[in-house]
S.K.: 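This is the structure I have questions about; it appears just below.
These values consider heavy atoms only, across backbone and side chains, with no hydrogens, waters or symmetry-generated copies. In what follows, chains are A, B, ... by sequence order, proteins preceding strands, each numbered from 1.
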Number of protein chains: 4
Amino acid sequence: MIIKEDFVRNVVQPRPLKSHKGTFGRVLLVGGCSPYGGAIIMAAVACVSSGAGLVTVATDQNNISALHSHLPEAMAFALTDRERLVQELLRADVVLIGPGLGEEFLAQQSFELVMTKALSRQTLIIDGSALNLLAQKRDMDLQAKKLILTPHQKEWERLSGLTIKEQTPEQNQAALADFPPQTVLVAKSHRTVIYGPNGQIGELTVGGPYQATGGMGDTLAGMIAGFAAQFSVSSFTAAAAATYLHSAIADELSQTAYVVLPTRISQELPQAMKKLSAKAGS
Amino acid sequence: MIIKEDFVRNVVQPRPLKSHKGTFGRVLLVGGCSPYGGAIIMAAVACVSSGAGLVTVATDQNNISALHSHLPEAMAFALTDRERLVQELLRADVVLIGPGLGEEFLAQQSFELVMTKALSRQTLIIDGSALNLLAQKRDMDLQAKKLILTPHQKEWERLSGLTIKEQTPEQNQAALADFPPQTVLVAKSHRTVIYGPNGQIGELTVGGPYQATGGMGDTLAGMIAGFAAQFSVSSFTAAAAATYLHSAIADELSQTAYVVLPTRISQELPQAMKKLSAKAGS
Amino acid sequence: MIIKEDFVRNVVQPRPLKSHKGTFGRVLLVGGCSPYGGAIIMAAVACVSSGAGLVTVATDQNNISALHSHLPEAMAFALTDRERLVQELLRADVVLIGPGLGEEFLAQQSFELVMTKALSRQTLIIDGSALNLLAQKRDMDLQAKKLILTPHQKEWERLSGLTIKEQTPEQNQAALADFPPQTVLVAKSHRTVIYGPNGQIGELTVGGPYQATGGMGDTLAGMIAGFAAQFSVSSFTAAAAATYLHSAIADELSQTAYVVLPTRISQELPQAMKKLSAKAGS
Amino acid sequence: MIIKEDFVRNVVQPRPLKSHKGTFGRVLLVGGCSPYGGAIIMAAVACVSSGAGLVTVATDQNNISALHSHLPEAMAFALTDRERLVQELLRADVVLIGPGLGEEFLAQQSFELVMTKALSRQTLIIDGSALNLLAQKRDMDLQAKKLILTPHQKEWERLSGLTIKEQTPEQNQAALADFPPQTVLVAKSHRTVIYGPNGQIGELTVGGPYQATGGMGDTLAGMIAGFAAQFSVSSFTAAAAATYLHSAIADELSQTAYVVLPTRISQELPQAMKKLSAKAGS
């Protein structure tokens, strides 16, 4: 299936009048360890801008000031505070782990804690270095987890064992069988493909090389988290809609920009989503 | 009474020519403890943007850099500096306590200090976690305090004992009798209602679900503080006018934005207030 | 004399083609101690935006991150580093001391160091709390200093001994005789007046109550420093031109803004100065 | 040869459709020590905005928060972490050392490490204080390094021994012979000239005194790094194209700005490069 604008229009509906912050979900983002502090900032900006109700960031203590400079709208605490991490984890509807997490000791520890404690009702998005940590722990018990994986080709190779050449739609779909039944795969490349648990395959015809800049993946992951938190749709639909919109906005911006900075995409999100929702009823 | 634009136009009058910073009030904002540093930043941005003369923020030492990144216009000191807290408290015309204050030891201590030392000439706005702290200390002597309370439904439940279902206009009005005689209640919900000490009830017909995002309440509290500081009107009138304008700006922005970020509202404040004041004389 | 646009047009001339950073002066700004970190940030933003060649800020170590968030164009070091302070002081063409300096021990120490070491070729602008420190040290030997004083009425009272009522043009002019012969006074009030060493009096007919917000004075002081650094005119002319432009920009912005934030004035500076210089030749 | 727009159009080509971050190069920037933290921030903003694929900054630990406030897109680590410095150095395609590096002990140490370990396949851009450090170490073995030097006149005097008066095209070209065979010289003055290893001389007819502000050189160095990283052209061509575009954007902005702040140039980069690439095919 080619994901087009009408697919996203069915997702980004006008909001119910009687609603409050809780209606649009509580998201926990985990990452941003040195030297990758900016990654979780970009994910958080995307998540808030896409309309998540309440966003909390667990990151390096030294990263919180820059995060708040961009985004006072998010809450933030030090990743070393395990007690709070568990507490926030249990309250979240959606957890995104990985943007700028790194693979050092604190990253590993946090990853294991999140993977162990995540609840079956939660959507758990695994991105960036958390995918490598997962590849190292393929014996971990993941059953009853609702996963969205967002690897680029090299990360997917580590995770699935498929070399980049072997990453055909058929092989990717087959490899998904090694993950919990509800798992969604966002296989990022110059033409990203989304695989769903019931054999769905979503392809994009938008996106291009103006997106080839550091932070694009972090922004996409934040958007997927925001969509999963607020829209009552399947993980596949949330991920496909977010991925489409991410690239569609970049496409639009690339009409006047040689390179599209990730934070520019997030800036456009409220306007782009409004346009879609205005057409939703029509 | 439905609060409409003409109500606000009577408040946001052209400024007197002979005036200086002091003319427009001195505000002290207290809050922004980890993990809620951004909350007091949003309140302060709203307070300065709405035209308060001099704004000082008492917050977590680690939060000051991000605050100044947004707002060099505000002064800021560490909430742990009790001596300065007392000193600034005594100089203030308006005190706002609560946005991102939390309920930990330093928060409790600061709350008690503010509640004990606040002067009868001051407007004291209690928001966010400070409302929960107040609920735990209902035996506190509040007489002679000029309070504005800004709870959402759950906070009002804790404070008034009224379940959310019981929070009808009649019951809310009745519950106000348990507070000092001049108390104003801004009962936030998807349709916020403002209750005054003389039985006034202000209702809004603006505002909507695009406001359901973290930080909206902090921004509103900052605006109420700014209005109370600079306009010679009753607490009810200041709170009602600020609440109306907050939602009216969000309404306007929502024409082109799916979700309205709180800081966007503050950005629009000077322009929106100018339009109102230009019409004031007409 | 009423300072009007043509006065400023004679100052803001097109730049010489053969020039480099040094051509437009080296400015040292001293201030921004807790809780006033934002003050020196606003002064520095104004100074750089007005076209000073090289701007260095001596401030609280904790304030440097927020300063650089606004202004990577400025250099910055901790005010506690006395050795560097002396070194930068001796290299500067213009020194501005006072925005957010405070009156605590480090402030006093820095003030005395600057007043003692400042060279006769330098323009020394004394603003904010540095004016109070000067009032406490009226026995200091100031001869051979080229001073610009920028007090508001209360600060001028402390410095001159004149009560606010007594601050008439005649009395202000007379009081200037107690300062070194080249001293310029920018007497700030709702209608600021600039007094020169040869009996010049510059009056403004621009400016208004939309400027009555914290940080306006810091921004003005930064602009005066920037003008004194780059234009080959007298201190009186630099101060009068900067003061006019500061108010003229605020006037223009106030057409669409109820309150004009100081940082907005600095944003407009390059455009406003370009317009003036384009008319300069005509 | 006069460098004109068509020269740059041949460089800034439309991007290949099949590409990823790695396609556009990995850049390591080294600098930003106190009091010059802002310098490396401006270089990094320019480098990312010009389209480099992955940008990592080695700087003062205290500078990382402000860097991320401007640019979450870059990675950053403390310059004191030598192990990581070596690791990132070996992975880089382009290394820029110097903006705000200073000449203190850590700067010297880092400079020597970079000069010793840099690989022959890497483009090594030496700017700012690193040029002075190089002047002090003219006995260093530089053979097999691919250097781009970006001195202003005084720095070039220290490096080449040529007084400013002696810096004629002929003498500059001759002095280049003392450097490794592939070295490119960007001799900055009010009319910058670029010298290539095969006798090429690139002259500019754009640029002007509105660029005479702190940080212009840092921005140019970041752009050269970005161009060298992503375009498959010679160092001379990358440097000349970046230098032209830097001045051309400043020229354009100067139509409405008396002084052009360096960060404004970086903001315009994606748009300006898009315009060039759109014309590239025509």
S.K.: Under 4.5 Å heavy-atom distance to chain A, tell me which part of A52(D) shows up: side chain, backbone, both or neither.
M.R.: backbone

S.K.: With a 3.5 Å distance limit and no angle check, can you tell me whether H70(A) reaches the backbone of H68(D) through a side-chain donor-acceptor pair?
M.R.: yes

S.K.: Between Q153(A) and chain D, with a heavy-atom cut-off of 4.5 Å, which part of the residue counts as in contact: side chain, backbone, both or neither?
M.R.: neither

S.K.: Of the backbone (N, CA, C, O) and the side chain (C-beta and beyond), which part of V55(D) lies under 4.5 Å from a heavy atom of chain A, both, or neither?
M.R.: neither

S.K.: Grab the two heavy atoms, one from F24(D) and one from P209(A), that are nearest each other, plus how far apart they are.
M.R.: CE1-O, 4.0 Å

S.K.: Output the distance between atom CZ (R191(A)) and atom CG (L17(D)), rounded to the nearest 0.5 Å.
M.R.: 7.0 Å

S.K.: Mind ranking S254(A), A66(A), G32(A), A39(A) by heavy-atom pairs under 4.5 Å with chain D and telling me who comes out on top?
M.R.: A66(A)

S.K.: Report yes if the side chains of S49(D) and V259(A) come closer than 4.5 Å at any heavy-atom pair, otherwise no.
M.R.: no

S.K.: May I ask you to name which of S50(D), S65(D), A78(D) has the most heavy-atom pairs under 4.5 Å with chain A?
M.R.: S65(D)

S.K.: Non-hydrogen atoms of chain D under 4.5 Å away: do they reach the side chain of N63(A), the backbone, both or neither?
M.R.: side chain

S.K.: With a 4.5 angstrom heavy-atom cut-off, could you sort out which part of Q61(D) is near chain A: side chain, backbone, both or neither?
M.R.: side chain

S.K.: With distance as the sole criterion, is a donor-acceptor pair present between the side chains of E73(D) and T263(A) under 3.5 Å?
M.R.: yes

S.K.: Are Y258(A) and R15(D) side-chain neighbours, meaning at least one heavy-atom pair lies under 4.5 Å?
M.R.: yes

S.K.: Counting neighbours of CD on E104(A) that are heavy atoms of other residues, nucleotides or ligands and sit closer than 6.0 Å, is the number greater than 12?
M.R.: no

S.K.: As an exercise, state the distance from CE of M273(D) to OG1 of T256(A), rounded to the nearest 0.5 Å.
M.R.: 14.0 Å

S.K.: Considering residues, nucleotides and ligands other than E252(A), do more than 12 of their heavy atoms fall under 6.0 Å from its CD?
M.R.: no

S.K.: What's the separation between atom OG1 in T213(A) and atom CD in Q230(D), rounded to the nearest 0.5 Å?
M.R.: 9.5 Å

S.K.: Is there a donor-acceptor pair closer than 3.5 Å between any side-chain N or O of K18(D) and the backbone N or O of H190(A)?
M.R.: no

S.K.: Run the numbers on N62(A) and I64(D) for side chain to side chain contact (heavy atoms under 4.5 Å, CB included), then give the verdict.
M.R.: CA-CA 9 Å; N62(A) 289 329; I64(D) 293 177; over 6 Å; no

S.K.: Quick check for you: among G215(A), G208(A), S69(A), P262(A), which has the greatest number of heavy-atom pairs under 4.5 Å with chain D?
M.R.: P262(A)

S.K.: With a 4.5 Å cut-off on heavy-atom pairs, point out which of M216(A), R264(A), Q255(A) contacts chain D the most.
M.R.: Q255(A)

